Amino acid sequence: MTTGEAGRRTLADELAAGVVQLIRERRLEAGAQMDTVRSMAERFAVAVPTMREALRRLEAMGVVVLRHGSGVYVGENVRRSVLPNPHGPLLTSESLVDLLQARSTIEPPIAAVAAAVRHEDGVARISETLAEAEQCLISRNERLWLVNLDFHRAVAQASGNTVLAEVVDSIVLVHAQEQREILRLHGDEDEDFEEHRRIARAVLGGDAGEAYRASKEHLDNVIEAIRARAPESGR
């Protein structure tokens, strides 16, 4: 990652924090329509593409929703108390592996609980996000990484335990940009999808042991891929 890229990332994150502050100052609730991207770019004195990048970061966290042809709306997660640190360290292969190892410890037991409980809301979301991911693969839609985040959140929601769902939400939302970089470095979107499908099949089928194994092997496979394909990213 170059110095220029790091500067743009910092600016985008600072803009994202500014948008969150604007939402709070105006006391906007989920679903409320916000200013246009161009108006916000003028307000913060930045280029429209830079403003759009910041909004996409917030979209990954569920703080805003970008609707093509309609505008920018406040998302359901706007009232979350935990948000990314705009001055966080640069991404490295080591930090990405640390994140994945944490997920590999936390998510497989949750997947097992999800298979045992199969809460209807989470089950419905698992099927929806898997279908959406397949369409993203077919059309090569750049939203795939966001849909992948929603899949993991849906598995946690299927556990029926709001605290466990909140734990996974916090991990994937606070580290949304790391998740995007992980998918980019992993490089094999089709393999990633097939592993998600295996997890979904186990959870929906009520096989707790297989759900644990599928989730664990998926995350461990990603760790190995990051280690193999990004040795220079920590330099």
Side-chain angles (χ1 to χ4, degrees), residues 60-62 77 82 84 91 93-137 143-230:
M61 296 181 286
N77 287 330
V82 180
L91 302 184
S93 58
E94 289 84 359
S95 66
L96 296 179
V97 168
D98 282 348
L99 171 60
L100 287 164
Q101 287 177 331
R103 290 182 58 195
S104 182
T105 301
I106 294 168
E107 292 187 44
I110 294 177
V113 175
V117 175
R118 287 180 287 175
H119 189 278
E120 59 183 6
D121 291 343
V123 164
R125 285 190 64 204
I126 288 173
S127 299
E128 290 167 3
T129 55
L130 199 64
E132 187 177 356
E134 187 169 26
Q135 289 304 309
C136 286
L137 276 173
R143 279 185 50 82
L144 178 61
W145 73 282
L146 288 171
V147 179
N148 284 346
L149 295 189
D150 283 341
F151 173 80
H152 286 279
R153 295 170 65 199
V155 171
Q157 187 178 6
S159 73
N161 185 307
T162 57
V163 175
L164 292 179
E166 177 73 12
V167 167
V168 174
D169 266 2
S170 296
I171 292 173
V172 300
L173 293 176
V174 171
H175 296 280
Q177 292 310 308
E178 287 93 330
Q179 309 294 351
R180 186 177 192 178
E181 181 68 3
I182 285 167
L183 182 61
R184 185 189 72 79
L185 290 173
H186 183 277
D188 195 331
E189 296 174 345
D190 295 301
E191 178 183 338
D192 194 63
F193 174 77
E194 289 303 323
E195 291 178 357
H196 281 185
R197 181 147 61 184
R198 179 188 170 193
I199 296 169
R201 189 181 299 117
V203 172
L204 299 181
D207 190 335
E210 172 62 7
Y212 181 99
R213 288 189 296 272
S215 178
K216 178 71 173 172
E217 289 174 16
H218 166 58
L219 291 166
D220 287 349
N221 287 343
V222 177
I223 289 172
E224 291 308 310
I226 298 302
R227 282 176 168 160
R229 300 177 189 180

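Being a predicted model, the structure only gives us computed values, none of them experimental.
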Does any N or O in the side chain of [X] come within less than 3.5 Å of the main-chain N or O of [Y], such that one atom is a donor and the other an acceptor?
| X | Y | result |
| --- | --- | --- |
| Asp192 | Asp188 | no |
| Arg153 | Asp169 | no |
| Ser159 | Val155 | no |

Original post:
Is there any ring-ring contact (aromatic ring centres under 6.0 Å, His included) pair reaching into residues 204-227, and which pairs are they, with sequence neighbours excluded?
Top reply: His152-His218, His196-His218
Mind checking what makes side-chain contact (heavy atoms from CB on, under 4.5 Å) contact with [X], not counting sequence neighbours?
| X | result |
| --- | --- |
| Ala133 | Leu144, Val147, Asn148, Phe193 |
| Val117 | Val113, His119 |
| Ile106 | Ile110, Val167, Ile171 |
| Gln157 | Asp121, Arg125 |

Where do [X] and [Y] come nearest, in terms of heavy atoms and distance?
| X | Y | answer |
| --- | --- | --- |
| Ala211 | Ala111 | CB-O, 3.5 Å |
| Ala202 | Ala115 | O-CB, 4.0 Å |
| Ala158 | Val203 | CB-CG1, 4.5 Å |

Subject >> Pairwise side-chain contact, Arg118 with Leu204, heavy-atom cut-off 4.5 Å (strictly under) >> reply: no
Original post:
Can you list every salt bridge (charged side-chain N to carboxylate O under 4.0 Å, His left out) pair that touches residues 128-137, not counting sequence neighbours?
Top reply: Glu132-Arg143
Subject >> Any pair counted as salt bridge (charged side-chain N to carboxylate O under 4.0 Å, His left out), so long as it reaches residues 99-113, sequence neighbours left out >> reply: Arg103-Glu107
Nearest 0.5 angstrom please: [X] [atom1] to [Y] [atom2], how far?
| X | Y | atom1 | atom2 | value |
| --- | --- | --- | --- | --- |
| Ile182 | Leu96 | CD1 | CG | 5.0 Å |
| Thr105 | Leu219 | OG1 | CG | 9.5 Å |
| Ile223 | Leu99 | CD1 | CG | 9.0 Å |

Original post:
Taking only residues two or more places apart in sequence or in another chain, which ones pass salt bridge (charged side-chain N to carboxylate O under 4.0 Å, His left out) with Glu194?
Top reply: Arg197
**OP:** Tell me, please, which residues at least two apart from Arg213 pass salt bridge (charged side-chain N to carboxylate O under 4.0 Å, His left out).
**Re:** Glu210
Subject >> Non-neighbouring partners of Glu224 that pass side chain to side chain donor-acceptor pair (under 3.5 Å), sequence neighbours left out >> reply: Arg227
Original post:
Which residues pass the side chain to side chain donor-acceptor pair (under 3.5 Å) test with Asp220, sequence neighbours left out?
Top reply: Ser104
